[in-house]
Protein chains: 2
Amino acid sequence: MKDLVGACVFGQSGGPTAVINASAAGVFTEALAQKNITKVYGAAHGIEGIMNEWLYDIAKEDPKEIAMLKHTPSSALGSVRYKLKKESELKRILEVFRKYNVRYFFYNGGNDSMDTCNKVSKYLLKNNYECNVIGIPKTVDNDLVGTDHCPGYGSAAKFVSTSIMSMYLDATVYQKGQVTIVEIMGRDAGWLTASSALAAYKGCGPDLIYLPEQVFDRATFIAQVKSTLERNKGNCFVAVSEGIRFKDGKLVSSQPALENDKFGHARLGGVAASLEAMVNNALPKTKTRHVELNILQRCSSYVASAEDIKEAFEVARFAVRSACAGETDKMAAIARPKSGPYKAEYVLSSVDASANAVKGVPKEWILPDNRGLTQDFIDYALPLIQGEANAPFEDGLPRFARLKKVPVTSPSSL
Amino acid sequence: MKDLVGACVFGQSGGPTAVINASAAGVFTEALAQKNITKVYGAAHGIEGIMNEWLYDIAKEDPKEIAMLKHTPSSALGSVRYKLKKESELKRILEVFRKYNVRYFFYNGGNDSMDTCNKVSKYLLKNNYECNVIGIPKTVDNDLVGTDHCPGYGSAAKFVSTSIMSMYLDATVYQKGQVTIVEIMGRDAGWLTASSALAAYKGCGPDLIYLPEQVFDRATFIAQVKSTLERNKGNCFVAVSEGIRFKDGKLVSSQPALENDKFGHARLGGVAASLEAMVNNALPKTKTRHVELNILQRCSSYVASAEDIKEAFEVARFAVRSACAGETDKMAAIARPKSGPYKAEYVLSSVDASANAVKGVPKEWILPDNRGLTQDFIDYALPLIQGEANAPFEDGLPRFARLKKVPVTSPSSL
């Protein structure tokens, strides 16, 4: 195998996470050190930036600021939600790659981004343009096929479980109990909502957990809340995924809260507000409140998991090393030993398999009657939230990375 | 002055904060060390627990766990919202105090709690029952009269500004901008919403800030959002207090979002959802989302201010020392030097003045056109969020204090 010498380009895609920039730091650090990579370009707004030649010269960045990316949430280069659909787009990408002699392409994102990697790498292969393409996983949803778990999930799970432990204490201070309903991200997979079971494992977590992997039923929900209130001194703590659906497949968040809502009021709230309305209707004397954890779930770098930060950084370095070793058309993934203590292992998986597929929480890890998750889930998730971020603060506030973002105005002169 | 020898009782009241238990730790630590205090009782659920003799023997607690209270959010003894209204209640309190020989009473809370202190201390004085009563301030709202600021505010302000900096990065990752509206606690005073200006001061904060100290007007709001979007590449970040009101004095959160909403739809969301609906109506092509920071504002001990934790602890110790020195019918308060570097000073203030009064953000600290706060506000607030909590974690999750809460079954045998 002859050495492939040329530039690399890196892009970020989809919803940000607390550690997506740790992967950026991993790619930049490793790529700048690889002798066969002559230029390191960061694309603004992912694939859209590539097509528009919005490229930054990463060699111009201060290595200290690149290291700071490990504690900087959101997408430092700017993100994009863009699904490649036309041959003309792929043609344009190849044109830009030729112009800048791009021989390595790394794309960081979720299912849609792996679809992008898949299409780009297949197109380049078909056109005999030598360029190694490796996808780097990222999603708080943890729903990517082909990897044990996704960078971003551990930090989001740590934020969710830590926040729920804190809110659980807050919710149980009064003599008279109440129903607390917390809405957690996850449209199609319940991994992040399931992480609330880690708080329950520590004795400060939800009594009832509703995942999108299971059909939601109003009457069952009310019965479960009632019996929890009776058992639990008038307190009931609920965690619910934004993606739960009724038996007919319709999202609970898209339907009126009450079955016979003859006014057909459009709801302004999310699914937790809907569940709160159900409880208010069935149990009007019970104090009920709802909380949406919202975007803090994916950007709270101050309570990120140290393990997650490390893995996000290392899986990205592994992607670069793999590409330099001649691999292409793959996703860098994380595996764990079949037995013994947890240790992240970095492997390559098929990018075809990850493109657009969704991996849900296994049915056998879900306890009956919405009572939470099994010990198997706890054993799976607990290692991923280990270690504190110790994010740098300055003057009492987060010290985020300050990139220069020097635009590349002319093609690299290799 | 003769020495007053007897038991002390401590209670927590009102909405919890991230550091209310730091004050509990301060009271317990100092009271256990004072020779004139023979017993240290913790009342479950504040004044209600006192009337019901729900008392814990604090001497039975492990000092290590008492220290852990500094990093444990919410009210470890249980809280209460109870306004004393009847003479019979005061009579009952005196009865319990006599039974347990309570000679020191410390009550930790906001305006209503200072009202309780005021009524109890006046009643005891009138009945010639020697018992020194000192209120200890606590509120994320920062609206107590008689103190420079309130324990709990610094940590909530640090959470709000840190979270907004993180969300600001998240909100600005896409090429196409959006309007982000964040709802912050504060019914009557805008201190906590104002703290979002600290994020703006660091370049990652709101373009527009709406406080309850100012009248809210729909048309002005929409005009301000529009002009921000034009100036700001299609992005506009808004911080709004839950307590903003229209010119007629009605809470924005209690009214239909749109003036001519002929369907009279009841709103399920809060004020941020309402403002989102206004933007959606006026600017239907603009992507808009709202976030309620909700109860995390008052219970996120993992991002508490070290200065606030220290002050909450120290102001409580000062309360105990003051009572032991013969002071009563006062509130322990915090002052700062008139000039020179910031340093918390502990002083006594009138409990009458703090009872039920509300201190708002000074008008002269509010910039025109909702553009935020002046440098005077930044200089006021910035010292209060200094230092990181470094809260203890265990197994990847918060390690909260584990109190034994040993009930007192018989009166102390002095």
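A, B, ... follow the sequence lines: proteins, then strands. Residue 1 opens every chain. Atom set for the values below is all heavy atoms of this structure, side chains included, hydrogens, waters and symmetry mates excluded. Keep in mind it's a predicted model, so treat the numbers as computed, not measured.
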Look at [options] and state which one has the largest set of heavy-atom pairs under 4.5 Å with chain A.
| options | value |
| --- | --- |
| B/Leu169, B/Thr72, B/Thr172 | B/Leu169 |
| B/Ala306, B/Ala199, B/Cys299 | B/Cys299 |
| B/Cys204, B/Ser166, B/Ser161, B/Gly46 | B/Ser166 |
| B/Ile295, B/Val80, B/Leu293 | B/Ile295 |

So which part of [X] gets closer than 4.5 Å to some heavy atom of chain B, the side chain, the backbone, both or neither?
| X | result |
| --- | --- |
| A/Arg289 | side chain |
| A/Ile385 | both |
| A/Val291 | both |
| A/Leu198 | both |
| A/Glu48 | side chain |
| A/Tyr174 | both |
| A/Glu388 | side chain |

Less than 4.5 Å apart, any side-chain heavy atom of A/Tyr153 and any of A/Asp308?
-> no
Do the side chains of B/Asp112 and B/Tyr82 get nearer than 4.5 Å, heavy atoms only?
->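 With C-beta onward as the side chain, the pair stays apart.
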Closest approach of [X] and [Y], non-hydrogen atoms and distance?
| X | Y | result |
| --- | --- | --- |
| A/Gln12 | A/Leu77 | OE1-N, 3.0 Å |
| A/Ser301 | A/His71 | OG-O, 3.3 Å |
| B/Ala304 | B/Ser155 | CB-OG, 3.4 Å |

Based on non-hydrogen pairs under 4.5 Å, which of A/Val303, A/Asp395, A/Leu296 is most in contact with chain B?
->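 Winner by heavy-atom pair count: A/Asp395.
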Given that the side chain runs from C-beta out, which part of B/Leu384 has a heavy atom under 4.5 Å from chain A: side chain, backbone, both or neither?
->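 Interface part for B/Leu384: neither.
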Where on B/Asn294 is there a heavy atom nearer than 4.5 Å to chain A: the side chain, the backbone, both, or neither?
-> side chain
To the nearest 0.5 Å, tell me how far [X] [atom1] sits from [Y] [atom2].
| X | Y | atom1 | atom2 | value |
| --- | --- | --- | --- | --- |
| A/Tyr201 | A/Leu382 | OH | CG | 6.0 Å |
| B/Phe237 | B/Gln178 | CZ | CD | 9.5 Å |
| B/Glu307 | B/Gln386 | CD | CD | 8.0 Å |
| A/Ser163 | A/Gln297 | OG | CD | 8.5 Å |

Mind telling me whether B/Tyr380 and B/His149 have parallel, tilted or perpendicular rings, with 30° and 60° as the class edges?
-> perpendicular
Ion pair check, A/Arg298 and B/Asp170, cut-off under 4.0 Å | yes
Short N-O contact, A/Arg402 and A/Glu394, less than 4.0 angstrom | yes
Examine distances only and state if a side-chain atom of A/His45 and a backbone atom of B/Val173 form a donor-acceptor pair shorter than 3.5 Å.
-> yes
Could you please state which residues from residues 15-24 of chain A sit under 4.5 angstrom from chain B, measuring non-hydrogen atom to non-hydrogen atom, sorted by number, or 'none'?
-> A/Gly15, A/Pro16
